[in-house]
Amino acid sequence: MDPVPQTHPRTQPALRRAPVQRRSAERLARILDACAALLDETGYEQLSTRAVATRAGVPIGSVYRFFGNKRAMVAALAHRNLDRYAERVSERLAGAPVLDAHGAIDGVLDEFIEMKRTVPGFALVDFGVPAAAPGEAAAAGSADGPAEAAAEDPNRLVAERICALLATHLGRTADEELHRKVLVGVETADALVRLAFRTDPAGDPALVAETRCLLHAYLAPSLS
């Protein structure tokens with residue numbers, strides 16, 4: 001039995017059953033890949049577990065083995081997105097060891113924008129699940145796992161990961177003040193990047209530039 005790599009403990013998705021064999025982990029990855037592709041094609045409201053199973057080439061029972069409903073499945077995709085985003089930022093920072101605070105901020109923003117442009121499903125579901133309709137919210141509360149996932153604050157999870165990465169790279173303590181500053185930066189960037197992609201499907205360059213200037217002015221003094 002090949003071991004399955006563990007995800008970051010702060011972003012461990014609530015699965016009905018965690019994969020213990022590589023074959024099971026690969027099947028879970030195919031399910032999430034299919035979920036991401038269908039989000040781009042149909043949107044969240046029209047997404048169904050049966051359609052995901054068909055696209056992934058697995059029995060519908062395999063989907064329900066991991067997830068109680070589509071909301072739990074999308075929550076797991078969001079967790080995976082966050083893990084991959086953190087990996088990309090970490091590699092970006094490690095690959096340019098002389099980065100100053102402004103360069104580090106650029107890396108964090110650029111990787112987010114690049115994922116918005118290129119990663120399947122990320123434009124609709126980045127690090128959190130879309131707001132549930134009343135009927136879906138009730139169903140989620142009675143299923144295995146999604147209630148906990150729905151209670152998470154995605155931007156706080158993002159801020160925790162980014163704060164730790166920036167502090168390590170720049171040799172600064174990840175104290176309460178830095179956590180607060182990074183959280184405000186994440187919330188602000190999230191809103192402005194969403195606006196940029198509503199304005200232009202590729203991300204309005206002028207709005208992205210304004211976002212960059214704002215983050216530099218606000219965060220760089222705390223990272224220096």
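No hydrogens, no waters, no symmetry mates; every other heavy atom, side chains included, goes into these values.
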On a heavy-atom basis, the closest approach of Ala104 and Leu166 is CB-CD2, 3.7 Å
Hydrophobic cluster membership, with links at side-chain heavy-atom distances under 4.5 Å among I/L/V/M/F/W/Y: are Met115 and Ile162 in one?
yes
Shortest non-hydrogen pair, Leu32 vs Ala76, comes out as CD2-CB, 4.1 Å
For Ala189, the side chain to side chain contact (heavy atoms under 4.5 Å, CB included) test, sequence neighbours excluded, returns Thr211, Leu215
Would you indicate whether the side-chain heavy atoms of Val74 and Phe67 approach each other to under 4.5 Å?
no
Answer whether the closest heavy-atom distance between the side chains of Phe66 and Arg16 falls below 4.5 Å.
no
| Does any N or O in the side chain of Thr118 come within less than 3.5 Å of the main-chain N or O of Glu114, such that one atom is a donor and the other an acceptor? | yes
Here the gap from Asp83 atom CG to Leu157 atom CG, rounded to the nearest 0.5 Å, amounts to 10.0 Å
Here the pair of heavy atoms bringing Val208 nearest to Ala196 is CG2-CB, 4.1 Å
Applied to residues 184-216, the ring pair (Phe, Tyr, Trp, His ring centres under 6.0 Å) test, sequence neighbours excluded, yields His102-His216
For this session: Flag the pair Val186 / Phe112 as yes when at least one side-chain heavy-atom distance between them is below 4.5 Å, and no otherwise.
Result: no
Determine whether Leu39 and Leu77 make a side-chain contact, defined as any pair of heavy atoms from C-beta on separated by less than 4.5 Å.
yes
Contacts of Arg172 meeting side-chain hydrogen bond (donor to acceptor under 3.5 Å, both in side chains) (sequence neighbours excluded), chain-then-number -> Asp175
Here the salt bridge (Lys or Arg N to Asp or Glu O under 4.0 Å) pairs for residues 26-35, sequence neighbours left out, are Asp33-Arg80
Using only atom types and a distance under 3.5 Å, with no angle test, would you say the side chain of Arg65 pairs donor to acceptor with the backbone of Ile60?
no
Please output the side-chain donor-acceptor pairs of residues 89-96 that fall under 3.5 Å, not counting sequence neighbours, one pair per line with the distance.
residue	atom	partner	partner atom	Å
Arg92	NH1	Glu111	OE2	3.2
Arg92	NH2	Asp110	OD2	3.1

Please examine the side chains of Leu192 and Glu210, heavy atoms only from C-beta on, and report whether any two atoms are closer than 4.5 Å. no
Sequence neighbours excluded, the answer for salt bridge (charged side-chain N to carboxylate O under 4.0 Å, His left out) partners of Arg156 is Asp153
Minimal heavy-atom distance between Leu223 and Ala101, with the atoms involved, is CB-CB, 3.8 Å
Original post:
Is it true that atom CZ of Arg117 has more than 12 heavy atoms of other residues, nucleotides or ligands lying nearer than 6.0 Å?
Top reply: yes
From the list Leu15, Leu47, Leu28, side chain to side chain contact (heavy atoms under 4.5 Å, CB included) with Met73 holds only for Leu47
- Message: Counting C-beta onward and ignoring hydrogens, is there a side-chain heavy-atom pair between Tyr44 and Lys70 closer than 4.5 Å?
- Response: yes
All heavy atoms of Pro154 vs all of Gly128, minimum pair found to be CG-CA, 3.6 Å
So CG of Leu178 and CG of Leu183: to nearest 0.5 Å the spacing works out to 11.0 Å
So salt bridge (Lys or Arg N to Asp or Glu O under 4.0 Å) across residues 178-192, not counting sequence neighbours, yields Asp190-Arg194
Sorted by chain and residue number, the side-chain hydrogen bond (donor to acceptor under 3.5 Å, both in side chains) partners of Glu41 (sequence neighbours excluded) come out as Arg55
task: Decide yes or no for Asp100 and Leu170: does some side-chain heavy atom of the first lie under 4.5 Å from some side-chain heavy atom of the second?
output: no
Separation between CG (Leu219) and OG (Ser224), nearest 0.5 Å, reads 10.5 Å
Residues at least two apart in sequence or cross-chain that pass side-chain hydrogen bond (donor to acceptor under 3.5 Å, both in side chains) with Tyr64, listed by chain then number, are Thr49
The side chain to side chain contact (heavy atoms under 4.5 Å, CB included) partners of Pro120 (sequence neighbours excluded) come to Ala36, Asp40
Contacts of Lys116 meeting salt bridge (charged side-chain N to carboxylate O under 4.0 Å, His left out) (sequence neighbours excluded), chain-then-number -> Asp126
Students should find that the hydrophobic cluster of Leu207, defined by side-chain heavy atoms under 4.5 Å apart, otherwise consists of Leu195
**Prompt:** So if you build clusters from Ile, Leu, Val, Met, Phe, Trp, Tyr with side-chain heavy-atom gaps below 4.5 Å, do Ile105 and Ile113 land together?
**Reply:** yes
Closest non-hydrogen atoms of Val108 and Tyr85, given as atom of the first, atom of the second and distance, are O-OH, 2.7 Å
